[in-house]
Enquirer: 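The structure's right below; bear with me while I get my questions together.
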Amino acid sequence: MLQVHFIKENKEKVLNGLKKRNFGNPEIIDQILEIDESRRATQTELNQLQAESKQVSKSIGDLFKQGKRDEAEAMRAKVATSKETIKNLEQQLGQSEEDMEKLLLQVPNIPHDSVPFGKSEEDNEVYKAWEGGLPTLHESAKPHWELAEQYNLFSLDLGVKITGAGFPLYRGKGAKLQRALISFFLDENTAVGYEEIQPPLLVNEATARGTGQLPDKEGQMYYVEKDDLYLLPTAEVPVTNVYRGDILNQDELPKMMTGYTPCFRREAGSYGAHVRGLNRVHQFDKVEIVRVEHPDNSYAALDKMVEHVGMLLNKLELPFRILRLCGGDVSFASALTFDFEIYSAAQKRWLEVSSVSNFETFQTNRLKLRYRDENGKTQLAHTLNGSALALARIVAGLLENHQTPEGIRIPEALQPYTGFDMIS
RNA sequence: GGAGGAGUGGCAGAGCUGGUUUAAUGCACUAGUCUUGAAAACUAGCGUACUCUAACGGGUACCGGGGGUUCGAAUCCCUCCUCCUCCGCCA
């Protein structure tokens, strides 16, 4: 959520940003500024009346104490009239605030200057292409869902039996591979300074609101009605909310956290080759990295995160490229996003495995996550997050790219975690 | 799930028979005085948000959240949440 005073002071910038996003309703900015104006007028009037009535009430108290009953009674009658006005103004103020919130929730973040113009994912810029040349596989190479069957690694059918479509069941070396990847990622992340967090998997409404899943993406989350809780769609939600409402000292920044959680997404949507196997499922495992940064450092931090994720993929020996998302594809809350895609030689397509974003103050404004600057003033911090990494598609990529006629080779970096170097 | 108790500023803690509380007091913190320096002592400052003002400086709201009674609520009433104690259940 943008801050009103930011919109007020940077109207042109905001409008240009919306244009870059191909945002259909730029008039909303003028509506916001109008409501802000009238809201402030209402508040000024209300505050004046409140100050008066406060004074009068006090003097009534004094009069009673002095025993001047009649005078006090007269004052009482006088105040009663302004009370009605106060109530109305309070209501009006509340309404303005509500209207304002509604409008602000519809305004996406302003894209960073480096974000290219464009309408859809086809316009994303290749920020870093894969230089090594794309791998080619042997004749009988298979997609991961066939490999899973051949080596008994996971079963979608059993998931259907137990739960429903999109809930894979991993078994044997497939299950072990999951566990190995989770440990590997967490160890790599903590090694560079991220604090490991194991959060609750169900979150309350305030938390879901803090990172922006509510109200915008309500339908994408599983909801437990009886307890009014949501199953988390990503660890970003609970982990970023760790510091919700806090005012940190400047020297406490940055806060770096990493967490593994299963992720639950309803993703009502398409079926077919693109979502076969593990390409898109309702439950998958992901290790997330989250940072709370000083605004001056957030873009340097973003670079570091991108570099870190690239390092992980290198260790897993997966060919990947990095995209800078264009204005039309960058997510609602993000100012700048880099997507990582690994190349699946078996599916002959790129698979998105990580998305690393800087949200600037868009989340912290809702979270009320601030720090105290050198002058002692509170300022909104910046938040960033990225997948490091999302398992299901990494598994797909590992199985497909490292398959040999003799079996599936486990990258060296992962072998200490799996305890085997081959799936055969 | 049942019964009882409690939620006050960074922390501790008073106020809770409604009106000198504009939230006492202590600790912590910041600045100054003193000191070679430090400690101690003393003096002053010390919450958040919104808002008015060119600025100095004002105003309003907030005592777990929301609502109500009243001229006036930290204080009374309703409701929700959380924590503590005991009982029950339980990985």
Side-chain angles (χ1 to χ4, degrees), chain A residues 1-9 32-104 198-210 214 223-230 238 241-253 255 262 361 363-381:
Chain A
M1 198 160 74
L2 295 178
Q3 297 177 93
V4 183
H5 79 254
F6 176 85
I7 295 177
K8 206 160 91 181
E9 283 157 26
I32 285 170
L33 294 178
E34 263 168 50
I35 291 184
D36 181 55
E37 190 112 345
S38 78
R39 190 202 101 246
R40 293 204 330 269
T42 307
Q43 183 173 342
T44 304
E45 193 184 346
L46 172 64
N47 285 172
Q48 271 165 11
L49 273 176
Q50 282 172 323
E52 269 171 44
S53 106
K54 209 167 148 182
Q55 283 288 309
V56 174
S57 289
K58 207 184 235 170
S59 64
I60 291 176
D62 292 339
L63 288 171
F64 268 120
K65 220 169 281 164
Q66 293 163 28
K68 298 178 180 168
R69 286 204 156 266
D70 295 345
E71 277 182 57
E73 289 294 343
M75 291 284 258
R76 230 157 104 163
K78 196 180 136 199
V79 167
T81 51
S82 70
K83 216 190 130 191
E84 193 71 17
T85 322
I86 287 177
K87 209 165 193 177
N88 286 336
L89 285 173
E90 272 173 348
Q91 230 162 39
Q92 209 174 308
L93 190 68
Q95 188 63 51
S96 297
E97 279 164 2
E98 217 173 281
D99 294 347
M100 180 63 96
E101 169 104 358
K102 228 186 231 168
L103 292 179
L104 283 175
Q198 200 173 103
L201 304 182
L202 286 96
V203 298
N204 59 31
E205 194 190 316
T207 297
R209 194 170 285 278
L214 285 179
Y223 175 55
V224 182
E225 192 168 6
K226 202 162 186 180
D227 298 287
D228 197 18
L229 295 171
Y230 297 84
N241 270 275
V242 164
Y243 293 104
R244 164 157 53 90
D246 287 0
I247 300 175
L248 302 167
N249 286 322
Q250 192 167 233
D251 54 22
E252 288 179 77
L253 297 173
K255 295 289 187 185
T361 61
Q363 287 184 327
T364 51
N365 186 30
R366 271 211 222 179
L367 290 160
K368 295 284 169 278
L369 199 182
R370 291 156 294 174
Y371 68 95
R372 217 175 278 286
D373 68 14
E374 55 277 359
N375 300 316
K377 280 188 69 176
T378 56
Q379 307 282 356
L380 292 176

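Order of the sequence lines fixes the chain letters, A, B, ..., with proteins taken first and strands second; residue numbering starts at 1 for each chain.
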Enquirer: Please state how far atom CD1 in A:Ile35 lies from atom P in B:U51, giving the value in whole angstrom units.
Expert: 14 Å
Enquirer: So with a 6.0 Å cut-off around CD of A:Glu374, is the heavy-atom count from everything else above 12?
Expert: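 Above 12, so yes.
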Enquirer: Does a salt bridge link A:Arg40 with A:Asp36, judged by any charged N lying under 4.0 Å from a carboxylate O?
Expert: yes
Enquirer: Counting Watson-Crick and G-U wobble pairs only, both distances under 3.5 Å, name the nucleotide matched with B:U35, or none.
Expert: none
Enquirer: Are A:Val4 and A:Arg39 close enough that some pair of their side-chain heavy atoms sits under 4.5 Å apart?
Expert: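 They are not in side-chain contact.
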Enquirer: Any strand counts, and the cut-off is 3.5 Å on both contacts for Watson-Crick or G-U wobble. Which nucleotide pairs with B:A91?
Expert: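 Pair assignment: B:A91 / none.
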Enquirer: Can you tell me how far C1' in B:U70 sits from the matching atom in B:A74, rounded to whole Å?
Expert: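 That atom pair is separated by 16 Å.
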Enquirer: What integer distance in Å separates A:Leu93:CG from B:A49:C1'?
Expert: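 Rounded to the whole Å, the gap is 12 Å.
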Enquirer: Go through the side-chain N and O atoms of A:Asn88 and A:Glu84 and say whether any donor and acceptor fall under 3.5 Å apart.
Expert: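 Distance-only check fails for A:Asn88 and A:Glu84.
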Enquirer: Expressed as a whole number of angstroms, how long is the span from A:Glu101:CD to B:A49:P?
Expert: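 Distance, rounded to whole Å: 17 Å.
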Enquirer: Would you say A:Arg372 places a side-chain N or O within less than 4.0 Å of OP1 or OP2 belonging to B:G47?
Expert: no
Enquirer: Considering the options A:Asn241, A:Thr361, A:Val242, which one meets the side-chain contact (heavy atoms from CB on, under 4.5 Å) requirement together with A:Leu367?
Expert: A:Asn241
Enquirer: Considering Watson-Crick and G-U wobble pairs with both distances under 3.5 Å, what does B:U22 pair with?
Expert: none
Enquirer: Sticking with atom P, work out how far B:A61 lies from B:A23, rounded to a whole angstrom.
Expert: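 Taking atom P in both B:A61 and B:A23, they lie 11 Å apart.
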Enquirer: Does any nucleotide pair with B:A61 by Watson-Crick or G-U wobble geometry, both distances under 3.5 Å, and what is it?
Expert: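 When the pairing criteria are applied, B:U48 turns out to be the nucleotide that pairs with B:A61.
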Enquirer: For B:G4, which nucleotide in any strand shown is its Watson-Crick or wobble partner with both distances under 3.5 Å?
Expert: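 When the pairing criteria are applied, B:C84 turns out to be the nucleotide that pairs with B:G4.
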Enquirer: Determine whether more than 12 heavy atoms belonging to other residues, nucleotides or ligands lie under 6.0 Å from atom CD of A:Glu97.
Expert: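 Enclosed.
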Enquirer: Please report, rounded to the nearest Å, how far the P atom of B:U30 is from the CD atom of A:Glu374.
Expert: 17 Å
Enquirer: For B:G15 and B:U25, measure between their P atoms and round to the nearest Å.
Expert: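 That atom pair is separated by 15 Å.
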Enquirer: Any strand is fair game: report the nucleotide pairing with B:U70 by Watson-Crick or G-U wobble, both distances under 3.5 Å, or none.
Expert: none
Enquirer: Rounding to the closest angstrom, what is the interatomic distance between B:C84 and B:C27 at atom C1'?
Expert: 25 Å
Enquirer: Say you pick atom C1' in B:U22 and the same atom in B:U79; how far apart are they, in whole Å?
Expert: 31 Å
Enquirer: CG of A:Leu369 versus C1' of B:U48: gap in Å, rounded?
Expert: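 Spelled out: CG on A:Leu369 to C1' on B:U48 is 15 Å.
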Enquirer: One character per nucleotide, please: for nucleotides 57-77 of chain B, 5' to 3', B when the base has a protein heavy atom closer than 4.0 Å, S when only the sugar-phosphate does, - otherwise.
Expert: --BSS---------BS-----
Enquirer: Looking at A:Ser82 and A:Leu49, what are the two nearest heavy atoms and their distance?
Expert: CB-CD2, 4.4 Å
Enquirer: With rounding to the closest Å, how many angstrom separate the C1' atoms on B:C90 and B:G4?
Expert: 23 Å
Enquirer: Can you tell me if A:Glu37 has over 12 outside heavy atoms packed within less than 6.0 Å of its CD?
Expert: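 12 or below, so no.
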Enquirer: Just the rounded figure in Å: distance from C1' of B:C50 to CG of A:Asn365.
Expert: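 Rounded to whole Å, this separation is 14 Å.
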Enquirer: Do A:Asn365 and A:Phe6 have side chains that get closer than 4.5 Å, going by heavy atoms?
Expert: no
Enquirer: From CG of A:Leu49 over to P of B:U51, roughly how many Å is that when rounded to an integer?
Expert: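 A:Leu49 atom CG is separated from B:U51 atom P by 18 Å.
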Enquirer: Below 3.5 Å between N/O atoms, which protein atoms pair up with nucleotides 52-55 of chain B? Just atom names and distances, please.
Expert:
unit_1 : atom_1 : unit_2  : atom_2 : d
B:C52  : OP1    : A:Arg40 : NE     : 3.0

Enquirer: Side chains of A:Thr207 and A:Asn204 only: does a donor on one sit below 3.5 Å from an acceptor on the other?
Expert: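 Result is yes, a qualifying pair exists.
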Enquirer: Rounded to whole angstrom units, what separation is found between the CG atom of A:Asn249 and the P atom of B:G47?
Expert: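 To the nearest whole Å, that distance equals 15 Å.
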Enquirer: Expressed in whole Å, how much space separates the P atoms belonging to B:C89 and B:C16?
Expert: 42 Å
Enquirer: Of all residues at least two apart in sequence or in a different chain, which pass the ring pair (Phe, Tyr, Trp, His ring centres under 6.0 Å) check with A:Tyr371?
Expert: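 Once residues adjacent in sequence are excluded, the partners of A:Tyr371 under the ring pair (Phe, Tyr, Trp, His ring centres under 6.0 Å) criterion are A:His294.
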Enquirer: Taking 4.0 Å as the cut-off, does a side-chain nitrogen or oxygen of A:Arg39 come that near to OP1 or OP2 on B:U51?
Expert: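 Yes, because at least one side-chain N or O of A:Arg39 sits under 4.0 Å from OP1 or OP2 of B:U51.
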Enquirer: Using the C1' atoms only, state how far B:G64 lies from B:G5, rounded to an integer number of Å.
Expert: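 Straight-line distance between the two C1' atoms is 16 Å.
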